[in-house]
Amino acid sequence: MCYCAGLLAGSRKLCYVEPAVRCSSVGFESFDQSPKIDQKLDKKEENVISANNIALEINKKRKQPRRQPKEWRCLDSCCWIIGYLCTTWWLLLFLYHCLPITLLQVPELPGVRLKREGLTALHPVVLVPGIVTGGLELWEGRPCADGLFRKRLWGGSFTEIFKRPLCWSEHLSLHNETGLDPPGIRVRAVRGLVAADYFAPGYFVWAVLIQNLAKIGYEGKNLHVVAYDWRLSFQNTEIRDHALSRLKSKIELMYITNGYKKVVVVPHSMGVIYFLHFLKWVETPPPMGGGGGPGWCAKHIKAIMNIGPAYLGVPKAVSSIFSAEGKDVAYIRAMAPGILDSEILGLQTLEHVMRVSRTWDSIVSLLPKGGETIWGNMDRSPEGGHVCDFSKKRLSQPSPSDNNVNNSDVKRGFRVKDPVKYGRIISFGKAASVLHSSQLPTFDSKEFSRTNALQNLKFSCGEAWTEYDEMSRESIQKVAANKAYTTRTLFDLLRFVAPKMMQRAEAHFSHGIADNLDDPKYSHYKYWSNPLEMKLPDAPDMEIYCLYGVGIPTERSYVYRLSPISRCKSIPYQIDSSVHGEDDSCLKGGVYFADGDDSVPVLSAGFMCAKGWRGRTRFNPSGIATYIREYRHKPPASLLEGRGIESGAHVDIMGNVALIKDILRIAAGATGKEIGGDRIHSDILRMSERINILL
């Protein structure tokens, strides 16, 4: 055997350095050259040559310059994040629906348990959705919306947001002057139980409650979901769609066809004040009202079970109008500022949100009501001295001996040291949120003249995206110079920065406290959704419940700053997410938190049932019984619990087992006393005592 060939075949590196040599050249001619040996040598030589060629190719590849890695952009990060979130969401949804029920160990539905105890459907039930939870569909649109007839623009899969975002936002906007449909566009509320059972695939709103009602015998003939366009002012839902008239007729029909049994109404969130408007409308003579007469509510309604009631408004409505953001948006901006503020991406997400939402009059209905009397002034508020370590409240359990009022929690919830000045709904800078009012500049409403703002305009942004584009830089800075705003000065501020919206919406809503409810002016519909400016109907046998979650940090006031972005068509103010307090402080990421359900503070949800309507008052002249039922928030113990069966969050509470049991028992004929009366875990009683209001 040829040693040279074997050596060359065994070492590719040597083959590249030394050229291949025939064995005959080394002096092996004396061996017997038979044909078989020649064939073997030829094959070995071919192997050597092929090995040489492979080595040369490998060496060439090594010498070639490496490709530069592709530049990673912020847009790529966003796409990957969205992809991961969507994939995770659909995977969890797939597992939830595909795994065996025995493996998931789903707890027994409360409706099944109550049916076994003998509960059956008795009173008809009407569900009233709140803001954004009801579906909206297209009936007429622009050319860009071809193929979307009677398809959902709001609710469902939301695919059209990604396919044609500008077209989608155009069709969800209302007319800036009338607050009704823009020319050539008709978007209407989806009707039926499917209108609000799920907000998006897998994200329930009313579905769990509907399912449990069905377990004790409810169906289409005795269960109804109110369909109304939640973007409109409440009176405009009647003017455009006759929504209030349809609700009146439906309640009357259900009352008659179900053996003259009174109706149990279950509103949620903004639906609470929408139905409050209905109570006044239905008994008011036409043309302004429904003409039902003074005894209509007493005849047709057994109980109103208000879930997450926003009776006195929510501070997050202020931040929504002022800068189109809340704590979640501020958190996203702090973690990934490029997503919302990047000039390279040019998304201008919040600017688009502001353009659309400032055409929705319903948001103004959620602004704080009652002024400084309810929400506090520059130096005091009803929650003054509140403890923000919510973990203590979540861990403590109610004692049966507390008579359903957890006094231990009430005492733990207050302290005297360094009270938070919650009355300052908006403060520019942390110092402005904590200093005594004497150290802050005084507010002069004359400075907030829109005429002066337009006269001093020294730059043009072309087409005005928002009303901020119509303000001069001096006017924008003047807003921040006043440092802190309470509810007394807040409405002047909003009229200055959002004049079209406020002028349009304030013709439909009011936010004060009535001096004399017998004044004829309070017969106007603009006062009907404010519980502090209207009387409850004469229905002494009716019951009103305030059902809401507690133990979750909820937005109460904000620390703002001027936006570092000064380009045209941008929002000049933003929540200062860099501002934090101490470890146990109520200040986190530019937001002061109080107790609530993550959306509605306890003060707004519980005050009317705790004091404003408790007993016979000028707001409740017939003495309608009121009950407070609070549900202490408990996060889900595992993924298998989904969003939690003991959640107190604003929407997730709709799946709270204790809440569902309360509603089913009342619908089956029980009274407030029979289900246990008040159940209080929060500081609402002490807060109410601190509010000095004429009753």
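Counting begins at 1 with the first residue of the sequence. No hydrogens, no waters, no symmetry mates; every other heavy atom, side chains included, goes into these values.
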Passes side-chain contact (heavy atoms from CB on, under 4.5 Å), Val550 versus Tyr631? Steps please.
CA-CA 6 Å; Val550 297; Tyr631 306 89; over 6 Å; no
Is there a side-chain contact (heavy atoms from CB on, under 4.5 Å) between Asn176 and Arg504 once you walk through the steps?
CA-CA 8 Å; Asn176 230 336; Arg504 185 184 66 243; 3.3 Å; yes
Please step through side-chain contact (heavy atoms from CB on, under 4.5 Å) for the pair Val479 and Leu493, ending with a clear verdict.
CA-CA 8 Å; Val479 168; Leu493 171 65; 3.5 Å; yes
Apply salt bridge (Lys or Arg N to Asp or Glu O under 4.0 Å) to Glu506 and Arg495, showing your working.
CA-CA 10 Å; Glu506 284 190 306; Arg495 293 182 192 109; 2.9 Å; yes
Please test Lys500 against Glu467 for salt bridge (Lys or Arg N to Asp or Glu O under 4.0 Å), starting from the C-alpha separation and ending with a verdict.
CA-CA 8 Å; Lys500 293 178 183 176; Glu467 289 157 313; 5.3 Å; no
Before giving the answer on side chain to side chain donor-acceptor pair (under 3.5 Å), spell out for Glu372 and Thr487 the whole-Å C-alpha distance, their side-chain angles and the decisive distance to 0.1 Å.
CA-CA 6 Å; Glu372 292 184 348; Thr487 48; 5.3 Å; no
Going through the distances and angles, do Met378 and Lys421 end up as a side-chain contact (heavy atoms from CB on, under 4.5 Å)?
CA-CA 7 Å; Met378 291 287 279; Lys421 296 174 173 58; over 6 Å; no
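With Ser604 contributing its side chain and Pro601 its backbone, the two residues share no donor-acceptor pair below 3.5 Å. Judged by distance alone, with hydrogens and angles left aside, the side-chain atoms of Ser381 form no donor-acceptor pair with the main-chain N or O of Gly376 at under 3.5 Å. A donor-acceptor pair under 3.5 Å is absent between the side-chain atoms of Ser557 and the main chain of Ile425, judged by distance alone. No side-chain donor-acceptor contact under 3.5 Å links His508 to the backbone of Lys526. The closest donor-acceptor contact from the side chain of Tyr548 to the backbone of Ile653 lies at 3.5 Å or more, if one exists at all. Side-chain atoms of Ser173 come within 3.5 Å of backbone N or O of Ser169 as a donor-acceptor pair. Under a 3.5 Å cut-off, the side chain of Asp595 and the backbone N or O of Gly551 do form a donor-acceptor pair. A donor-acceptor pair under 3.5 Å is absent between the side-chain atoms of His511 and the main chain of Lys369, judged by distance alone. Arg561 places no side-chain N or O within donor-acceptor distance of the main-chain N or O of Gly429, the cut-off being under 3.5 Å. Judged purely by atom type and a 3.5 angstrom limit, Thr554 uses its side chain to pair as donor or acceptor with the backbone of Ile552.
Minimum interatomic distance between Met501 and Trp360 (heavy atoms only, all atoms of both residues): CE-O, 3.5 Å. When every heavy atom of Ser427 is checked against every heavy atom of Ala432, the shortest pair comes out as OG-O, 3.9 Å. Pairing each heavy atom of Met270 with each of Trp230, the nearest pair is CE-O, 3.8 Å. Between Leu562 and Ala480, the shortest heavy-atom contact is CG-CB, 4.1 Å. Of all the heavy atoms in Pro267 and Asn306, the pair that sits closest is CG-OD1, 3.5 Å. Contact record, Leu232 with Gly179: CD2-O, 3.3 Å, taken as the closest heavy-atom pair.
We find that Asp229 and Arg186 are not joined by a salt bridge, their nearest charged nitrogen and carboxylate oxygen being 4.0 Å or further apart. A salt bridge links Asp241 with Arg188: the distance from a Lys NZ or Arg NE/NH1/NH2 to an Asp or Glu carboxylate oxygen falls below 4.0 Å. Ion pairing of Lys327 with Asp598 is present here, as a side-chain N (NZ or NE/NH1/NH2) and a carboxylate O approach within less than 4.0 Å. Ionic pairing of Arg240 and Asp181 is present here: one or more N-O contacts between side-chain nitrogen and carboxylate oxygen are shorter than 4.0 angstrom. In this structure, Arg152 does not pair ionically with Glu137, as no charged nitrogen and carboxylate oxygen lie closer than 4.0 Å.
For the atom pair Ser269 OG and Leu366 CG, the distance stands at 6.5 Å (nearest 0.5 Å). For the atom pair CG of Leu174 and CG of Asn236, the computed distance is 9.0 Å after rounding to the nearest 0.5 Å. Distance check: Thr486 OG1 to Phe491 CZ gives 10.5 Å after rounding to the nearest 0.5 Å. The distance from the CE atom of Met471 to the CD1 atom of Ile476 is 5.0 Å, given to the nearest 0.5 Å. Rounding to the nearest 0.5 Å gives a distance of 10.5 Å between CG of Asn530 and OG of Ser365. Between atom CG of residue Asp652 and atom OH of residue Tyr203 there is a gap of 5.0 Å, rounded to the nearest 0.5 Å.
Side chains of Tyr558 and Phe428 form no contact here, defined as non-hydrogen atoms less than 4.5 Å apart. Gln574 has its side chain out of reach of Leu350: every pair of non-hydrogen atoms, C-beta onward, lies at least 4.5 Å apart. Looking at Tyr311 and Phe607, their side chains never come closer than 4.5 Å, going by heavy atoms from C-beta outward. You'll find the side chain of Val187 stays beyond 4.5 Å of the side chain of Glu140, heavy atoms only. The shortest side-chain heavy-atom distance between Pro368 and Val314 does not fall under the 4.5 Å cut-off. By the 4.5 Å heavy-atom criterion applied to side chains, Trp154 and Val132 are counted as neighbours. Looking only at side-chain heavy atoms (C-beta outward), His268 and Val128 stay at 4.5 Å or farther from each other.
Between Tyr560 and Phe322, the two ring planes are perpendicular [angle over 60°; tilted spans 30° to 60°].
Checked by atom type, the side-chain pair Glu170/Trp168 shows no donor-acceptor distance below 3.5 Å. With hydrogens and angles left out, the side-chain atoms of Thr359 and His175 include no donor and acceptor closer than 3.5 Å. There is a side-chain donor-acceptor pair under 3.5 Å between Ser475 and Ser472. For the residue pair Asp379 / Ser437, a side-chain donor-acceptor distance below 3.5 Å is found, with atom types taken as modelled. Side-chain polar atoms of Thr237 and Tyr274 form a donor-acceptor pair below 3.5 angstrom. Between the side chains of Ser599 and His650, no donor-acceptor pair of N or O atoms lies under 3.5 Å. Looking at Glu325 and Ser319, their side chains never bring a donor and an acceptor atom within 3.5 Å of each other. A side-chain donor from one of Ser510 and Glu533 sits under 3.5 Å from a side-chain acceptor of the other. Under 3.5 Å, the side chains of Ser578 and Asp576 contain a donor-acceptor pair of N or O atoms.
At least one cation-pi condition fails for Arg191 and Tyr228: the charged atom is not both under 6.0 angstrom from the six-membered ring centre and inside a 45 degree cone around its axis.
The side chain to side chain contact (heavy atoms under 4.5 Å, CB included) test with Val591 is passed by exactly one of Glu555, Lys316, Arg556: Glu555.
Aromatic ring centres of Phe509 and Phe234 lie closer together than 6.0 Å. Separation of the Tyr468 and Tyr573 ring centroids falls under the 6.0 Å cut-off.
The number of heavy-atom neighbours closer than 6.0 Å to CD of Gln503, taken from other residues, nucleotides and ligands shown, is 12 or below.
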